[in-house]
Amino acid sequence: MIDSLQGVNIFKAQILAILGSVLFFIFILAQIRSKRIKEEYSLLWLLFSALFIILSIWRDGLSIISSVVGIAYPPAALFLLLIMAELVILIQFSVLISRLSERNKTLVQEISLVKLELEKVKKDLEDLKK
């Protein structure tokens with residue numbers, strides 16, 4: 001294992017990971033500021049990007065997490081965290097879409113009732129004019 005790491009600059013990889021994580025965090029903040037993402041939906045993105053900043057800075061953290069979970073290869077634990085983050089965010093979006101779909105259905109029904117009432121009022125006005 002150590003032989004395969006010869007010539008690999010761990011610090012360079014760590015700096016790239018930190019830089020990438022910080023840039024992602026800043027990107028999410030910029031999306032919030034420009035109102036492209038609402039604050040309430042961005043909390044998970046901010047949480048997971050902060051987690052990746054922490055793991056980028058604290059190199060032993062990934063090893064500790066992988067040993068606690070029982071994963072022999074620490075980068076595999078990172079992929080597990082990434083997949084879990086994506087799943088949580090996808091579930092949040094699914095709940096949001098379901099809620100919006102239900103609200104849409106309710107609004108369409110209310111608009112239909114208002115249209116029917118308006119047609120009834122128009123008909124009553126026409127009958128009164130005659």
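No hydrogens, no waters, no symmetry mates; every other heavy atom, side chains included, goes into these values.
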Are Leu23 and Ile18 connected in a single hydrophobic cluster, I mean Ile/Leu/Val/Met/Phe/Trp/Tyr linked by side-chain heavy atoms less than 4.5 Å apart? no
Search all heavy atoms of Tyr41 against all heavy atoms of Trp45 and return the closest pair with its distance. O-CD1, 3.7 Å
Hey, any chance Leu55 and Phe27 share a hydrophobic cluster, counting ILVMFWY side chains that come within less than 4.5 Å of each other, even indirectly? yes
Main-chain N/O of Ile97 paired with Ser101 side-chain donor or acceptor, under 3.5 Å: no
Between Phe48 and Ile89, is the side chain to side chain contact (heavy atoms under 4.5 Å, CB included) condition met? List the steps. CA-CA 10 Å; Phe48 286 117; Ile89 289 170; 4.1 Å; yes
Should Met84 and Phe24 be regarded as members of a common hydrophobic cluster, given that ILVMFWY residues are connected when their side-chain heavy atoms come within less than 4.5 Å of each other, either directly or indirectly? yes
Does Gln14 reach the main-chain N or O of Ile57 with its side chain, forming a donor-acceptor pair under 3.5 Å? yes
Give, for atom CD of Gln31 and atom NZ of Lys38, the distance between the pair rounded to the nearest 0.5 Å. 15.5 Å
Nearest atoms (heavy-atom pairs only) where Ser21 meets Ile53: CB-CG1, 3.4 Å
Would you please name every residue forming a side chain to side chain contact (heavy atoms under 4.5 Å, CB included) with Ala77, sequence neighbours left out? Leu62, Ser66, Ile71
Are side-chain heavy atoms of Arg59 and Phe11 found at a separation under 4.5 Å? yes
Between atom CG of Leu51 and atom CG of Leu46, what is the distance when rounded to the nearest 0.5 Å? 12.5 Å
With heavy-atom distances below 4.5 Å as the criterion, would you say the side chains of Phe52 and Ile54 are in contact? no
Heavy-atom side-chain contact between Ile65 and Leu80 under 4.5 Å: no
Between the main-chain N or O of Glu39 and the side-chain N or O of Ser42, is there a donor-acceptor pair closer than 3.5 Å? yes
Shared hydrophobic cluster, Leu19 / Leu82 (ILVMFWY, side-chain heavy atoms < 4.5 Å): no
Pairwise distance CD1(Ile15) to OG(Ser56) - rounded to 0.5 angstrom: 11.5 Å
Partners passing salt bridge (charged side-chain N to carboxylate O under 4.0 Å, His left out) against Glu102 (at least two apart in sequence or in another chain): Lys105
Are Leu43 and Ile91 linked, directly or through other ILVMFWY residues, by side chains that come within less than 4.5 angstrom of each other? no
Gln92 side chain reached by Val88 side chain, heavy atoms, under 4.5 Å: no
Drop me the distance from Lys129's NZ to Leu125's CG, to the nearest 0.5 angstrom. 6.5 Å
When rounded to the nearest 0.5 angstrom, what distance separates CG in Leu44 from CG in Leu90? 10.5 Å
Let me confirm one number: the CD1-CG distance from Ile111 to Leu118, rounded to the nearest 0.5 Å. 12.5 Å
